Undergrad: 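Below you'll find the structure I mean.
Just so you know, ligand 1 is whichever comes first in the structure, and atom 1 is the first atom listed for that ligand. Here the structure is a predicted model, which means the values were calculated and not measured.
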Amino acid sequence: MIAVIGLGFVGLTTGLGLAHRLGCTIYAYDADERKREMYTHKQIPFHEPHLQEHLERYEGSRFIVCHTMAEAIAQAETIFFCVGTPCSSSGETDLSDLQNAVQTCLDAMEQLPERKSYPVLVIKSTVPAATTTDRIQPLLQARGYITGKNIGLANNPEFLREGSAWSDFVQPDRVIIGEIDPIGAQRLSELYAAFDVPVHRVAAHTAEFVKYASNALLATLISFANELSMIADRIGQIDIPQVFRLLHEDRRWQGHPAKMTDYVFPGCGFGGYCLPKDTQSLYSHAGNYGHESMLLKAVLQVNEDIKNHIVERITASAQPDEMVGILGLSFKPDSDDVRGAVSKDIIGLLLDRGFHRILAYDPLAMDNFRGTYGLPIEYAGSVEEVIERSQVSTIVTSWKEFKEKQSLYAGKTIIDGRHVLS
Ligand SMILES: NC(=O)c1ccc[n+]([C@@H]2O[C@H](COP(=O)([O-])OP(=O)(O)OC[C@H]3O[C@@H](n4cnc5c(N)ncnc54)[C@H](O)[C@@H]3O)[C@@H](O)[C@H]2O)c1
């Protein structure tokens, strides 16, 4: 049996959705008495399609509104926490409702006639990475519980959207389980098996971070569109909705997974002939019209920061007189174009720091690179040679060959700048 604590948009949807998909009894509790009263009278204090009909269908049978935490958790083996995690005045996440809910739950568990054999606490509220392990797990430990021994703890971020909460919950794209103990994660996996969607068991910090990655990306995209609308207004005679509708016709948005996902993936920066110069140009052009684009400025700055970050990682693994390997010189795989290539900047930063033994290899672009930049580096005849002779090797371009030859890297220091290795 399952308990759901906190019955706002997420908790009510979770409770009714689990009742619907699993056919089991859900014990639901909210600290707000008014909300509990409303739910028991089959009323919902907010508008969300489909919840009313499912509350009417399940309230009192599969969905039991409880008036105390003790009542809610008495029968439950798995307890979902869906309380709010608002922003505090300092901008940090206010975890007090979540911590209070967990403490109240632990108080109630202590008052049970006998200790539950292995309750699993699931944090569904959105919490910053490391919260479940660093802020919730200690509450359990302080009561003598040991995760993995007599209690389970997991994070399970929720991706539903208000307005389509019901279908998003009952037919999610994927389920993410942030694992802390294997028994807890297994119980959740079995519970979600009924949903017939991909269920990913990942580290708890990863699960927590995915949720923020998702929302921050959406926020960035919206601000990007708005930033461009402000630039367009300054220049004038630009039909900005039309610009975006035409942008949406780019075939990289289509397909599954859409090719655009290649661009929403970490690496060591964008390069090539177009992205750096055109982004810089738009930033400068907007400035000429009196609009300083903070977003484009940040986009360009992050592209420098990531290269410096990669160089920090390289220099932490080698001394200046040791050989440093660079795998990939072209700005992207399947191309011999080296204009604006990230490899050139990374090599430049290494030379600036006194690293004078650099050995590079690229399946196609070595002649172009040599001819274009004339940098004081050596060129290797193969990936094998780079790996063999270098103290540390860095994958800068995601050529297929570098992924295929990953058996060569065993026991070697490799910095996977493009995250191509499994
Ligand atoms: N709203 C969304 O679209 C959405 C989507 C995904 C994730 N989330 C996340 O899910 C969480 C819940 O969001 P929401 O929109 O449902 O919030 P909400 O404010 O609508 O609901 C939270 C509920 O928790 C109850 N509560 C607070 N403290 C409690 C306690 N100690 N014990 C029991 N109940 C308590 C409140 O009374 C309230 O009814 C947040 O972390 C939010 O960021 C929200």
Undergrad: Before we go on, tell me: are the rings of Phe195 and Tyr192 under 6.0 Å apart, centre to centre?
TA: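 Ring centroids of Phe195 and Tyr192 are less than 6.0 Å from each other.
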Undergrad: Measure from NZ or CZ of Lys405 to the centre of the six-membered ring of Phe402, then state whether that distance is under 6.0 Å and the direction lies within 45° of the axis.
TA: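 No, cation not above the ring by the 6.0 Å, 45° rule.
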Undergrad: Measuring from the heavy atoms of Lys211, does anything fall under 4.0 Å of ligand 1?
TA: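 Per 4.0 Å heavy-atom rule, Lys211 contacts ligand 1.
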Undergrad: Give the residue and atom name of whichever protein heavy atom lies nearest to atom 33 (C) of ligand 1, and the separation in Å to one decimal.
TA: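 Ranking protein heavy atoms by distance from atom 33 (C) of ligand 1, first comes Ala31 N, 3.3 Å.
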Undergrad: Give a yes or no on whether Phe209 atom CZ has more than 12 heavy-atom contacts from other residues, nucleotides or ligands under 6.0 Å away.
TA: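 Not more than 12 within 6.0 Å, no.
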Undergrad: Per the side-chain contact (heavy atoms from CB on, under 4.5 Å) rule, which among Val120, Ile151, Thr147 passes with Ile180?
TA: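 It is Thr147; the other options fail the test.
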Undergrad: Out of Thr104, Asp97, Asp30, whose heavy atom sits nearest atom 36 (C) of ligand 1?
TA: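 That would be Asp30.
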Undergrad: With a cut-off of 4.0 Å, which atoms of ligand 1 are near a heavy atom of Lys35?
TA: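 Taking each heavy atom of Lys35 in turn, ligand 1 has 38 (C), 39 (O) under 4.0 Å.
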Undergrad: Within the 3.5 Å criterion, strictly below it, is a donor on Asn100 or Ser96 matched to an acceptor on the partner's side chain?
TA: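 No, no side-chain donor-acceptor contact under 3.5 Å.
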Undergrad: Side chain, backbone, both or neither: which part of Thr126 comes within less than 4.0 Å of ligand 1 when only heavy atoms are counted?
TA: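 It is both parts that get close, each with some atom under 4.0 Å.
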Undergrad: Where's the contact between Cys82 and ligand 1, heavy-atom distance under 4.0 Å: side chain, backbone, both or neither?
TA: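 Answer for Cys82: backbone.
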Undergrad: In terms of ring plane angle, is the pair Trp166 and His54 parallel, tilted or perpendicular, where the classes change at 30° and 60°?
TA: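 Geometry flag for His54 against Trp166: parallel rings.
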Undergrad: Within ligand 1, which atoms have a heavy atom of Ser125 less than 4.0 Å away?
TA: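 By the 4.0 Å cutoff, the relevant atoms are 11 (C), 41 (O).
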Undergrad: Is atom 19 (O) of ligand 1 less than 4.0 angstrom from at least one protein heavy atom?
TA: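 No, no protein heavy atom sits under 4.0 Å from atom 19 (O) of ligand 1.
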Undergrad: So if I count the atoms of ligand 1 from 1 in the order they appear, which ones are less than 4.0 Å from some heavy atom of Ala101?
TA: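 The list of qualifying atoms is 30 (C), 31 (N), 32 (N).
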Undergrad: Apply the test side-chain hydrogen bond (donor to acceptor under 3.5 Å, both in side chains) to residues Arg187 and Tyr118: give CA-CA distance (whole Å), side-chain angles for both, the deciding distance (0.1 Å), then the verdict.
TA: CA-CA 10 Å; Arg187 190 177 301 166; Tyr118 200 99; over 6 Å; no
Undergrad: Geometry only, no angles: is Gly11 polar-contacting ligand 1 at N/O separations under 3.5 Å?
TA: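 N/O-N/O distance under 3.5 Å: no.
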Undergrad: Which protein non-hydrogen atom lies closest to atom 21 (O) of ligand 1, naming both residue and atom, and how far is it?
TA: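 So the nearest neighbour among protein heavy atoms is Gly8 CA, 3.2 Å.
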Undergrad: Are Tyr289 and His285 close enough that their ring centres sit under 6.0 Å apart?
TA: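 Centroid separation for Tyr289 and His285: below 6.0 Å.
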Undergrad: List the steps, then state whether side-chain hydrogen bond (donor to acceptor under 3.5 Å, both in side chains) holds for Gln99 with Gln103.
TA: CA-CA 6 Å; Gln99 288 169 317; Gln103 295 279 24; over 6 Å; no
Undergrad: Looking only at protein heavy atoms, which one is nearest to atom 41 (O) of ligand 1, and how far off is it?
TA: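 For atom 41 (O) of ligand 1, the nearest protein heavy atom is Thr85 OG1, 2.5 Å.
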Undergrad: Is any N or O atom of Val10, backbone or side chain, closer than 3.5 Å to an N or O atom of ligand 1?
TA: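 There is such a contact, yes.
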Undergrad: Select the closest option to atom 22 (C) of ligand 1 among Gly84, Gly163, Gly6, judged by heavy-atom distance.
TA: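 Comparing heavy atoms across Gly84, Gly163, Gly6, the nearest one to atom 22 (C) of ligand 1 lies in Gly84.
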Undergrad: Check ring pair (Phe, Tyr, Trp, His ring centres under 6.0 Å) between Phe224 and all other residues, then give those that pass, not counting sequence neighbours.
TA: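 Phe224 satisfies ring pair (Phe, Tyr, Trp, His ring centres under 6.0 Å) with no other residue.
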Undergrad: Less than 3.5 Å apart, any donor N or O on the side chain of Asn155 or Thr132 sitting next to an acceptor on the other?
TA: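 Checked: Asn155/Thr132 side chains pair up, N/O donor to acceptor below 3.5 Å.
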Undergrad: Check each atom of ligand 1 against the heavy atoms of Ile5 and keep those under 4.0 Å away; list them by number with element.
TA: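 Those of ligand 1 that fall under 4.0 Å from Ile5 are 32 (N), 33 (C).
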Undergrad: Considering only the protein, which heavy-atom contact is closest to atom 6 (C) of ligand 1, and what is its distance?
TA: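 Here the closest protein heavy atom is Glu158 O, 3.1 Å.
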Undergrad: Does the residue Leu160 have a heavy-atom contact with ligand 1, meaning some pair of atoms that are separated by less than 4.0 Å?
TA: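 Yes.
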Undergrad: Quick one: look up the protein heavy atom nearest atom 2 (C) of ligand 1 and list residue, atom name and how far away it is.
TA: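 Of the protein heavy atoms, Glu162 OE2, 3.5 Å lies nearest.
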Undergrad: Can you see which heavy atom on Thr220 is nearest to which on Leu295, and at what distance?
TA: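 Reported closest heavy-atom pair: O-CD2, 4.4 Å.
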Undergrad: Considering the heavy atoms of Asp32, write down every atom of ligand 1 situated less than 4.0 Å from one of them.
TA: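 Within the 4.0 Å cut-off of Asp32, ligand 1 contributes 37 (O).
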Undergrad: Atom 35 (C) of ligand 1: which protein heavy atom is closest, and how many Å away?
TA: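 Of the protein heavy atoms, Val83 CG1, 3.4 Å lies nearest.
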